[in-house]
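Structure first, commentary second.
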Amino acid sequence: MTANVAVETTAQAPVWNDPAQDTGTRVSALIDAMTLEEKIAQLYGVWVGASDEGGEVAPHQHDMEEAVDLDALLPAGLGQLTRPFGTAPVDPALGALSLLRTQARITAANRFGIPALAHEECLAGFATWGATAYPVPLSWGATFDPGLVRRMAAAIGRDMRSVGVHQGLAPVLDVVRDARWGRVEETIGEDPYLVGSIGTAYVQGLRSAGVVATLKHFAGYSASRAGRNLAPVGMGPRERADVLLPPFEMAVREGGADSVMHAYTDTDGVPSAADEDLLTGLLRDTWGFDGTVVADYFGIAFLKTLHGVAGDWAQAAGAALRAGVDVELPTVKTFGAPLAEAVAAGRTPVALIDRALRRVLTQKVRLGLLDAGRNPVPSALDGADLDDPDTLRGTVDLDTPENRELARTVAEEAVVLLANDGTLPLSRPRRIALIGPNAAEPTAVLGCYSFPQHVGVHHPRTPPGIDLPTLHDALAREFPDAHITLLRGTGVDDADVSGIAEAVRGARESDLVIAALGDRAGLFGRGTSGEGCDAESLALPGTQQQLLDALLDTGRPVVAVLLAGRPYALGRATDEAAAIVQSFFPGAEGTTAIAGVLSGRTNPSGRLPVSVPRGSGAQPATYLAARLAQASDVSSIDPTAAFAFGHGLSYTSFEWDGLTVGRPEADTSGAFSLGLTVRNTGKRHGTEVVQLYLHDPVASVVQPVQRLVGYTRVALAPGEARRLNVTVPADLASFTGRDGRRVIEPGELHLRLAASSADVRLTATVTLTGPERHVDHTRRFHAVFDQETLR
């Protein structure tokens, strides 16, 4: 199958290297020139680690993979390099040089000079040593601020591209269905519209920097039974269509996402990696997605080892290719020799390989990787002496003051004030008892996919590479005149209660107690939150509730501060604490942001992206639930949240009034127009988050009592008022009907303008008229808010 490369050339360069040619022509010419081995080589990655000396990368060994011989692989080419920066600590400049030299080796080794696409994790910042750690996605959701998240993603993308990285494995668009699931911290929240709008903004930001965003996990991963990681998913097609798929629809259509990662899980017995209806029928044929589908790590092999739908590696490879998976990650396993043998035996048609290859090469063309005369040197190494690695060390800063300022802004907007009896903001406190396992722990602000928690824990002698001020550090700076007594009390998840008595004594000798509680991020049981760290209940881990109750018993005002990856039931503190401050792993600037909220330097504006439960065991529970899921007289379990989705307090007050309805009726293809006035009636600047919920009293299938269909942040000076005009398309009332098609039905609707899902301020009753109307993924996704300042 060897082709004559010289045939497919122009006078200047081969067709595939000519940027003047259209992408399809370039890709077709290259495919026609390749052997089967060369084609397959573009469809897998190799897991590597960059050299901290600037030399070429070295293959990374994992207990789920065999050793990889790069010398044997590279003459055929290589599709991807897996996590060269995110495998071990490496100076960013030397990592960039290592990647550059490896790319030179790859391009020189294969006939067509095709470089590999390098991908990295970027769930809460570029996951490499020395890069800024931003708040986790659950904090993005708490901001209710897509514009800010877009800015953050652009900054992350610029850092990645500056050192030679092309693809980021984010955002996670899984909608929380059970908060016991360990990966809740990686999600944006429990509402599909919030997840979709924030996640789409992240995609747009990453793409603006020239980095491919990867949507994950497609689809259903977060709905695993009992909140267990990688457990089966039991749900009907309607729940999947109306809850889990809309964020992906939005990110594909509005975000222009270039890559999707399949989920590990199976739904109703069909693994996502082998689901042709999902990965081809829906994603490509219906939604029009034209990017690449990449495997979640080892996910194709799992078709054999975990799902039992493939008898050997070749069968697993064929099933994944047929379903629509284009690239095997993190390393070559089934898409190598087993796939070639399957083609030779007639078990897998070459056409499937060509289909996947076309998508892979199209992506590389779009990234400029095949252009003749391209400069392979990443911008971070511009002007550097590439022959003298020693001069490069320390010259690339991925934790700049600008990054830190942006991380602090996100963290500040993400802090949620759950409860406050007037104790906050603190006014020159004299004696503070700072007590709890997260009071002086630097990594308490980090999620499981941050570099220090994900990789750094395996290198205990290497410093984290970034400044991580503890809550104690931040409070000492915020309250320089206060005497702060620091006591641990108990650990995050241990049974040691020996320190509680001392904590109680310290509390009684103080004027105020700040209880620093929550999680430790980790993976596969190393933490209380993170991948593979699922919880049996939503009680605080370990003996933290016992510590909290003992502090409440002292009679001193207790401010509970949560540094966590999921919401927890707080027992008595829900009603008895002087204040409760919730943060979801707020990143490197998180403790500074929390201290600013405690002092009042920052007026909190965060809102809950997930409900905080009152009881630890009433799970799964979410605000997005039907009437039968609410509290009732026929069940002894009350799932009502202690703090509802969308809830968050401020240090000022807001008044909502002046509701107007432009037209109380609209056709099923039309829109409603609403108006209201929001006024800051307090004494300081603040931001209100106006949320729009839709309630459909009568529908042909059971609907949630209400669902979020829009929101906006309204920043107001004391006494200032804004008139909000809201356009609400009828499309927002659509749902999946009995025939499986998305429908808008005529009838009465309630449009609820609310400060949270449990705090409705104004309600407009409107009516849809005309015939039923079917819509699809091209429907309108957003209510449009226009703000006008009133004089």
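Every value quoted in this text rests on a predicted model; they were computed, and no experiment measured them.
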Item to check | Partner set under ring-ring contact (aromatic ring centres under 6.0 Å, His included) for Phe645, not counting sequence neighbours | outcome: Tyr623

Checklist entry - Checking side-chain hydrogen bond (donor to acceptor under 3.5 Å, both in side chains) for the pair Asn603/Ser650: CA distance, chi angles, key distance, verdict? => result CA-CA 6 Å; Asn603 192 353; Ser650 171; 3.1 Å; yes

For residues 407-418, run the donor-acceptor check on the side chains, cut-off 3.5 Å, and write out each pair with its distance to 0.1 Å, sequence neighbours left out.
unit_1	atom_1	unit_2	atom_2	d
Arg408	NH1	Glu589	OE1	3.1
Thr409	OG1	Glu405	O	3.0

Checklist entry - Is there a donor-acceptor pair closer than 3.5 Å between any side-chain N or O of Ser450 and the backbone N or O of Gly447? => result yes

Item to check | By ring-ring contact (aromatic ring centres under 6.0 Å, His included) - contacts of His262 (at least two apart) | outcome: none

Checklist entry - Under 4.5 Å between any side-chain heavy atoms of Pro271 and Tyr264, yes or no? => result no

Checklist entry - Is there a donor in the side chain of Asp159 and an acceptor in the side chain of Asn403, or the other way round, less than 3.5 Å apart? => result yes

Checklist entry - Which residue pairs pass the salt bridge (Lys or Arg N to Asp or Glu O under 4.0 Å) test when at least one of the two sits in residues 449-466, sequence neighbours left out? => result none

Next on the checklist: Suppose we screen for side chain to side chain donor-acceptor pair (under 3.5 Å). Which residues come up paired with Thr143, at least two apart in sequence or across chains?
Outcome noted: none

Checklist entry - Does some side-chain heavy atom of Leu562 sit less than 4.5 Å from a side-chain heavy atom of Leu570? => result yes

Checklist entry - Mind checking what makes ring-ring contact (aromatic ring centres under 6.0 Å, His included) contact with Phe298, not counting sequence neighbours? => result His62

Checklist entry - So which pairs with a foot in residues 120-129 pass side-chain hydrogen bond (donor to acceptor under 3.5 Å, both in side chains), sequence neighbours left out? => result Glu121-Lys216

Next on the checklist: Within a 6.0 Å radius of atom CZ on Arg228, are there more than 12 heavy atoms belonging to other residues, nucleotides or ligands?
Outcome noted: no

Item to check | Distance-only donor-acceptor check, side chains Gln167 and Ser259, under 3.5 Å | outcome: yes

Checklist entry - Under a 4.5 Å cut-off applied to non-hydrogen side-chain atoms, are Phe479 and Ser599 in contact? => result yes

Item to check | Nearest heavy atoms of Gln544 and Pro437, plus distance in Å | outcome: OE1-CG, 3.7 Å

Checklist outcome for this item: Across all chains, not counting sequence neighbours, the side chain to side chain donor-acceptor pair (under 3.5 Å) partners of Tyr651 are none

Item to check | Minimum-distance pair of heavy atoms, taken over all atoms of Pro586 and Ser139 | outcome: CA-OG, 4.3 Å

Checklist entry - Is any side-chain heavy atom of Pro192 less than 4.5 Å from a side-chain heavy atom of Pro247? => result yes

Without placing hydrogens or testing angles, list every side-chain donor-acceptor pair under 3.5 Å for residues 148-157, not counting sequence neighbours.
unit_1	atom_1	unit_2	atom_2	d
Arg150	NE	Gln204	OE1	2.9
Arg150	NH2	Gln204	OE1	3.0

Next on the checklist: Check this for me, if you would: do Asp494 and Arg488 make a salt bridge, where the nitrogen-to-carboxylate-oxygen distance has to be below 4.0 angstrom?
Outcome noted: yes

Next on the checklist: Would Arg566 and Asp178 count as a salt bridge (charged side-chain N to carboxylate O under 4.0 Å, His left out) here? Give the steps.
Outcome noted: CA-CA 10 Å; Arg566 62 163 65 86; Asp178 189 330; over 6 Å; no

Next on the checklist: With heavy-atom distances below 4.5 Å as the criterion, would you say the side chains of Pro639 and Gln630 are in contact?
Outcome noted: no

Checklist entry - Any sub-3.5 Å donor-acceptor pair from Asn438's side-chain atoms to Leu517's backbone N or O? => result yes

Checklist outcome for this item: Hits for salt bridge (Lys or Arg N to Asp or Glu O under 4.0 Å) against Arg477, two or more places apart or cross-chain, chain-then-number order -> none

Checklist outcome for this item: Residues at least two apart in sequence or cross-chain that pass side chain to side chain donor-acceptor pair (under 3.5 Å) with Ser224, listed by chain then number, are none

Checklist entry - Any side-chain donor paired with an acceptor under 3.5 Å for Arg713 and Ser605? => result yes

Checklist entry - Where do Glu190 and Ser611 land on the side-chain hydrogen bond (donor to acceptor under 3.5 Å, both in side chains) test, with the steps shown first? => result CA-CA 8 Å; Glu190 69 182 44; Ser611 308; 2.9 Å; yes

Item to check | Polar side-chain atom of Tyr449 near backbone of Ala124 as donor-acceptor pair, under 3.5 Å | outcome: no

Next on the checklist: Once rounded to the nearest 0.5 Å, what's the spacing between atom CG of Leu486 and atom NE2 of His472?
Outcome noted: 5.0 Å

Checklist entry - Would you call Ser222 and Leu244 a side-chain contact if the rule is heavy atoms closer than 4.5 Å? => result yes

Checklist entry - What heavy-atom pair brings Leu138 and Val610 nearest, and what distance separates the two atoms? => result CD1-CG1, 4.0 Å

Item to check | Residue pair Gln545 / Thr543, side-chain donor-acceptor N/O under 3.5 Å | outcome: no

Item to check | OG1 on Thr265 to CZ on Phe218, rounded to 0.5 Å | outcome: 11.5 Å

Next on the checklist: To check you understand the geometry: which heavy-atom pair defines the closest contact between Ala474 and Thr592, and what is its length?
Outcome noted: CB-N, 3.9 Å

Checklist entry - How about Trp181 and Tyr221: are their ring centroids closer than 6.0 Å? => result yes

Checklist entry - Is a donor on one side and an acceptor on the other found under 3.5 Å between the side chain of Thr622 and the backbone of Leu624? => result yes

Next on the checklist: If we count only N and O atoms by modelled type, under 3.5 Å, do the side chains of Asp399 and Thr132 hold a donor and an acceptor together?
Outcome noted: yes

Item to check | Pair Ser756-Gln691, side-chain donor/acceptor within less than 3.5 Å | outcome: no

Next on the checklist: Quick check: closest heavy atoms across Ala642 and Thr574, and the distance to 0.1 Å?
Outcome noted: CB-CG2, 3.7 Å

Item to check | Check: Thr82 and Tyr297 side chains under 4.5 Å, non-hydrogen atoms | outcome: yes

Checklist entry - With Tyr711, which residues qualify under ring-ring contact (aromatic ring centres under 6.0 Å, His included), at least two apart? => result Phe144, Tyr193

Next on the checklist: Run the salt bridge (charged side-chain N to carboxylate O under 4.0 Å, His left out) test on Arg526 and Glu531 for me, step by step, so that the C-alpha distance in whole Å, both residues' side-chain angles and the decisive distance to 0.1 Å come before the verdict.
Outcome noted: CA-CA 10 Å; Arg526 294 199 303 270; Glu531 185 173 1; over 6 Å; no

Checklist entry - How about Leu523 and Cys533: do any of their side-chain heavy atoms sit closer than 4.5 Å? => result no

Checklist entry - Hey, does the side chain of Asp191 reach the backbone of Leu194 with a donor-acceptor pair shorter than 3.5 angstrom? => result yes

Next on the checklist: Tell me whether Glu478 is salt-bridged to Arg601, with the criterion being a basic N under 4.0 Å from an acidic carboxylate O.
Outcome noted: yes

Next on the checklist: Using every non-hydrogen atom in the two residues, find where Gly565 and Ser529 come nearest and quote the distance to one decimal.
Outcome noted: CA-OG, 3.5 Å

Next on the checklist: If we count only N and O atoms by modelled type, under 3.5 Å, do the side chains of Asp493 and Thr528 hold a donor and an acceptor together?
Outcome noted: no

